[in-house]
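Working notes, structure below.
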There are 2 protein chains.
Amino acid sequence: MAKKSGSPTVAAESEGKPLDKKSARTRVRILDAAAQVLSAKGYAGMRLSDVAEVAELQAPAIYYYFPSRDDLIEEVMWVGLADMREFLTKALEVAPADAGAMERILIAVETHLRHELEISDYTTAAIRNAGQLPDNIRDRHDAEEKKYGALWRDLFKAAAETGELREDLDPYLAQMLVMGTINWTAEWWQPNRATIDRVVANAQSYVRAALSPAS
Amino acid sequence: MAKKSGSPTVAAESEGKPLDKKSARTRVRILDAAAQVLSAKGYAGMRLSDVAEVAELQAPAIYYYFPSRDDLIEEVMWVGLADMREFLTKALEVAPADAGAMERILIAVETHLRHELEISDYTTAAIRNAGQLPDNIRDRHDAEEKKYGALWRDLFKAAAETGELREDLDPYLAQMLVMGTINWTAEWWQPNRATIDRVVANAQSYVRAALSPAS
DNA sequence: TGAACATGTGAAGCCCCATTAGAATCCGTC
DNA sequence: GACGGATTCTAATGGGGCTTCACATGTTCA
C-alpha cells in the first residue's frame, strides 16, 4: 500500500521565509514524509522516527522545523485540503464561460480525482484521518473542509436551479454521494489496474448519468 | 462523532463456548466497546483502557477473553465484514425470483447501507482501518474482504451480461464507484440530517441512474 | 458448608516514543 | 582560514500503555 510521495504544489505558505533555500527544501521533505506515513499509519500510528527515516534525517531534527508532532500533522492535513481547494478554484475559473452547471460538476470530478490520485499522500492523509483527529487539530481542518465543501455545494445548487439535477435527488445527499464516489477511489485505485484517464472517464460518465434528468 | 454501539447480530462464532452465559455477554460487551473505540480512534489510537472504560471493567480483564490487543482488534475487524457478508447473502437469497440484475444490485445497495448505518461501529471500524493494519492482522481481513467483494462482482457481472449495465462503464470500475458511493456514507451521515430511508432512496435512485443504459 | 472453578482486580514491569539538552558540523562571509 | 549563524546529531528524560502476576471475589454444585 506504499504510495508515491511527490508534493509538487504544496501551497508554500510558511511564515515569510524564502522558499528555495536548503532549509525550505528540508522542510518540504519532512512534510512529504509525514504525509506519506500519516496516510499509511493513521494519526496515532505515525511515528516521528518513521517520518525521519523517510525524510532521511534524525527525528530530533524535525523539531527545528515544527514545534511538535501535532503541529506537523496539523500542517499536513491542512495542506492536503487547502491545496485541493486551490486546484479546484483555479480549474473552475478557467472553465469555458458557456459551461453548464453539469459540465462544471464534471470538471470538479476530474480535478478532484486527478489531484487525489496524482498528488495523493497529502489528500489521502487528510481524508483518512479526518475522523481520528483530537479536538485541538480538528478545528483548523474542519474549517478548511467546510470551505472546500462550500465550493461543491454551490455547484450543486446551480445544477438544481437550472434543472440539470434530477428532481428526486436531494441536492445535499447527491453532493455527498458524488464525493463518496470520488473520495473512495484513493482506497482502491492502483496504477496497474486502470489508468487515471480511464478512471476519470468512467467516473464522469457515472456521475453525469446519476445526476442528470432523463433526456 | 461518537456513535451508537449496538451489535445485534455479531456472528457469535467463538470456539464452541455456550453463548448465553455471563461470560459470553461480557465478551460481547468488550467487542462492542472495542468496535466503538476502534472506529473513533483508529488502529493505533485504540487504547485498552478506553475499551475497558466503555465496557465497564478494568483493562486487565480483557486478557481473560482475548490473548492480546491485536487479537481483539482482529476479531472486531473480521466480525464487521463477516456480518455484512452474511446479511447480504441472506438478502439476496430471499430476493424475488424474478428480480433482474439491476434490482439485485439495488437490494445490495440497500442492505449494505442499512447495515452500515444501523449496526455501524463494527463496519465503520472495518472500513476505516482496513488500510492501517499491520501485516499479521491484515491477512484474515483481506481474505474476508475478498469474499465480500466477490458477491458484488457477481452482481455486476450479471448486469453486464444482461445488458443492464451501460456499455461505456467498465464493470470493475463501476463496482468500485458504487461501493465508494455507499461506503462513504458512514463518514458524513448523521441521524439529524436525513433519515436512513431517505438516504437509501436517494442512493438507490442515484446508482440505478448511474448504471442503467438510457431507456 | 466448602471445595473447585470462573471472573475480575490492583500493582508492577518494561518497552516505546515524543521531547529536551547540549554539543558537533556545515557553510557562507569577512 | 576563522567567526557566527544555521542546521543536524547523540544522549538523556519522562510519561504512557500493553502485558504479567499474584491475589480477591464470585459462582456452582456435591
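Chain letters run A, B, ... following the sequence lines, proteins first and then strands; every chain starts at 1.
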Open item on the list: Over all strands shown, is A/A61 touching base, sugar-phosphate only, or nothing at heavy-atom distances under 4.0 angstrom?
Closed with: sugar-phosphate
Interatomic distance, [X] [atom1] vs [N] [atom2] [rounded to whole Å]:
X: B/Y43; N: D/dC18; atom1: OH; atom2: C1'; result: 11 Å
X: B/D50; N: D/dG17; atom1: CG; atom2: P; result: 8 Å
X: B/F66; N: D/dT19; atom1: CZ; atom2: C1'; result: 16 Å
X: B/R25; N: C/dT7; atom1: CZ; atom2: C1'; result: 13 Å
X: B/Q58; N: D/dC18; atom1: CD; atom2: C1'; result: 15 Å
X: B/L72; N: D/dC18; atom1: CG; atom2: P; result: 11 Å
X: B/D71; N: D/dC18; atom1: CG; atom2: P; result: 14 Å
X: A/E53; N: D/dT8; atom1: CD; atom2: P; result: 17 Å

Could you list the donor-acceptor pairs under 3.5 angstrom formed by side chains in residues 141-149 of chain B, with sequence neighbours left out?
residue : atom : partner : partner atom : Å
B/E144  : OE1  : B/W78   : NE1          : 3.2
B/E144  : OE2  : B/R85   : NE           : 2.8
B/E144  : OE2  : B/R85   : NH2          : 3.2
B/Y148  : OH   : B/H112  : ND1          : 2.7
B/Y148  : OH   : B/W152  : NE1          : 3.2

Open item on the list: I'd like to compare against my own output: the B/S/- annotation of nucleotides 22-30 of chain D with a strict under-4.0 Å heavy-atom distance to protein.
Closed with: -----S---
Task: Per-nucleotide protein contact string for nucleotides 15-22 of chain C, where B marks a base within reach and S marks sugar-phosphate only (heavy atoms under 4.0 Å, - for neither) - done: --SSSB--
Open item on the list: Going by the rule salt bridge (charged side-chain N to carboxylate O under 4.0 Å, His left out), which residues pair with B/R198 if we only count those two or more places apart in sequence or in a different chain?
Closed with: A/D170
Task: Set of residues satisfying salt bridge (charged side-chain N to carboxylate O under 4.0 Å, His left out) with respect to A/K90, sequence neighbours excluded - done: A/E86
Would you please confirm or rule out a distance under 4.0 Å between OP1 or OP2 of [N] and any side-chain N or O of [X]?
X: A/Y64; N: D/dT8; value: no
X: A/T26; N: D/dT8; value: yes
X: A/S23; N: D/dA6; value: no

Using a 3.5 Å cut-off and no angle test, enumerate the donor-acceptor pairs between side-chain atoms of residues 41-48 of chain A and protein atoms at least two apart in sequence or in another chain.
residue : atom : partner : partner atom : Å
A/K41   : NZ   : A/D50   : OD2          : 3.3
A/Y43   : OH   : A/D70   : OD1          : 2.9

Open item on the list: If you define the side chain from C-beta out and look only at heavy atoms, does anything of A/Y64 sit under 4.5 Å from A/T26?
Closed with: no
Open item on the list: I want to check a possible cation-pi pair here: B/R153 against B/Y172, using under 6.0 Å from ring centre and within 45° of the ring axis as the test.
Closed with: no
- [ ] Determine the sole option in A/T123, A/T89, A/V79 for which the side-chain contact (heavy atoms from CB on, under 4.5 Å) test with A/M84 is passed.
- [x] A/T123
- [ ] Show the numbers, then the answer: is there a salt bridge (Lys or Arg N to Asp or Glu O under 4.0 Å) between A/R29 and A/E56?
- [x] CA-CA 9 Å; A/R29 236 173 51 228; A/E56 295 180 72; 5.6 Å; no
Open item on the list: Nearest 0.5 angstrom please: B/R104 CZ to B/L151 CG, how far?
Closed with: 10.0 Å
